[in-house]
Amino acid sequence: MTFGFAPASAAASTSAASANRLLEPAEWAAAGIPLLRDPREVVSGLHARHHPQPATAVVAVLDPDERLRASASFVRRPAPADGWMFRNVLLAQLRRIIPHDLRRRTPVRTAVLLYCREGDARWTEEDGAWMWGLRDACTLHGLRCGAYITLTRDGWQVLGEGRGGRRPHSASTREPFATSEAAPPLPRTGGAASEVLRRAAAAR
């Protein structure tokens, strides 16, 4: 898989940054975003839970051990990419799924964003607007700003980290939850009912 940045003129980029509130890749990398310990597990879990299609965003809140505490998915409306609008949408979703942590001196939980879109894996101004929106929404909800992950036909990648994989991708089929694959609990033994079942099995 090839990673890079889509070509754009410096003038156009500066204009977009001031008008639409976006973050350039260098700004995002310098922001000290905490690294995911196991990004593949996070991406696979969110994909299995929400099965995002292109133009679908999934915002998720992780605890300090990277366990999923809450998540929500929504479809991006067809409008120009604007970080302020994305911030408002993300903040509304966060308020709906989990209480804020504004009373804490230091954020404990982390919000990450997975965005499924058309195109290749290279950074776009739309990605920059999502980054700006995620960072601002986290500040207003008392959360740490976590990874921004894109899901395209090339696979997934954590922007600013250089980590990614080919599966899942934007056309992947739904995969079962890991919990649904666990073996069912064994029946309790002992008592008259167990004795009846044991004798019936022996008589077959």
Side-chain angles (χ1 to χ4, degrees), residues 1 3-6 8 13 16-17 20-47 50 52 56-74 76 81-95 97-98 100-102 104-117 119-152 154-165 168:
M1 185 184 299
F3 300 124
F5 304 126
S13 180
N20 297 334
R21 302 175 184 88
L22 60 82
L23 290 176
E24 298 281 354
E27 295 175 293
W28 182 258
I33 306 300
L35 302 179
L36 289 170
R37 289 195 297 270
D38 192 345
R40 184 181 303 277
E41 181 177 344
V42 172
V43 172
S44 297
L46 293 179
H47 184 272
H50 295 278
T56 301
V58 180
V59 61
V61 179
L62 309 177
D63 70 10
D65 294 323
E66 266 186 28
R67 291 185 296 242
L68 179 65
R69 287 307 178 198
S71 64
S73 62
F74 55 94
R76 175 193 177 328
D82 186 287
W84 187 78
M85 295 297 294
F86 289 169
R87 185 276 306 273
N88 291 344
V89 173
L90 290 170
L91 188 58
Q93 295 292 333
L94 289 171
R95 287 171 173 166
I97 63 175
I98 200 162
H100 68 74
D101 279 346
L102 293 171
R104 293 182 178 273
R105 291 185 177 181
T106 304
V108 174
R109 296 180 292 191
T110 302
V112 300
L113 180 62
L114 171 71
Y115 183 54
C116 181
R117 61 169 173 78
D120 57 31
R122 293 179 296 176
W123 180 89
T124 67
E125 289 188 349
E126 182 183 25
D127 294 326
W130 280 117
M131 291 171 168
W132 192 97
L134 177 63
R135 186 185 65 176
D136 218 43
C138 288
T139 299
L140 294 174
H141 205 62
L143 301 170
R144 289 201 307 171
C145 179
Y148 173 69
I149 306 160
T150 57
L151 192 68
T152 66
D154 294 331
W156 60 271
Q157 76 157 320
V158 185
L159 290 188
E161 294 187 21
R163 292 190 291 175

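Residue numbers start at 1 and run along the sequence shown.
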* Would Asp127 and Thr124 count as a side chain to side chain donor-acceptor pair (under 3.5 Å) if you check the C-alpha gap in whole Å, the side-chain angles of each, and the deciding distance to 0.1 Å? -> CA-CA 5 Å; Asp127 294 326; Thr124 67; 3.2 Å; yes

Verify, without hydrogens or angle tests, whether [X] (side chain) and [Y] (backbone) share a donor-acceptor contact under 3.5 angstrom.
X: Gln93; Y: Val59; value: no
X: Asp101; Y: Arg104; value: no
X: Arg163; Y: Leu36; value: yes
X: Arg109; Y: Gly142; value: no
X: His141; Y: Ile98; value: yes

Between [X] and [Y], is any pair of side-chain heavy atoms under 4.5 Å apart?
X: Arg76; Y: Glu126; result: yes
X: Leu23; Y: Trp123; result: no
X: Cys145; Y: Ile33; result: yes
X: Thr56; Y: Leu151; result: no

[X] versus [Y], closest heavy-atom pair with distance:
X: Pro52; Y: Leu114; answer: CG-CD2, 4.3 Å
X: Thr110; Y: Pro34; answer: CG2-CG, 4.4 Å
X: Ile97; Y: Ala72; answer: CG2-CB, 3.8 Å
X: Trp156; Y: Pro168; answer: CD1-O, 3.5 Å
X: Glu66; Y: Asp38; answer: OE1-N, 3.5 Å
X: Leu90; Y: Ala137; answer: CB-CB, 4.0 Å

Measuring from [X]:[atom1] to [Y]:[atom2], what's the distance to the nearest 0.5 Å?
X: Trp84; Y: Asp136; atom1: CH2; atom2: CG; value: 11.0 Å
X: Asp63; Y: Arg69; atom1: CG; atom2: CZ; value: 4.5 Å
X: Met131; Y: Glu24; atom1: CE; atom2: CD; value: 9.5 Å
X: Leu113; Y: Leu159; atom1: CG; atom2: CG; value: 10.0 Å
X: Leu102; Y: Thr139; atom1: CG; atom2: OG1; value: 10.0 Å
X: Leu68; Y: Glu41; atom1: CG; atom2: CD; value: 10.5 Å

* **Parallel, tilted or perpendicular, as decided by the 30° and 60° cut-offs, for the rings of Phe86 and Trp130** =>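 Rings of Trp130 and Phe86: parallel, under 30°.
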
* Hey, what's the ring geometry for Tyr148 with Trp28, parallel, tilted or perpendicular (30° and 60° as the breaks)? ->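 Rings of Tyr148 and Trp28: perpendicular, over 60°.
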
* Asked: side-chain contact (heavy atoms from CB on, under 4.5 Å) between Glu161 and Ile149: does it pass, once the steps are laid out?
  -> CA-CA 10 Å; Glu161 294 187 21; Ile149 306 160; over 6 Å; no

* Check the pair Ser71, His50 against side chain to side chain donor-acceptor pair (under 3.5 Å), reporting the backbone distance first and the verdict last. => CA-CA 9 Å; Ser71 64; His50 295 278; 2.7 Å; yes

* To do: Check the pair Asp82, Arg21 against side-chain contact (heavy atoms from CB on, under 4.5 Å), reporting the backbone distance first and the verdict last.
  => CA-CA 6 Å; Asp82 186 287; Arg21 302 175 184 88; 3.7 Å; yes

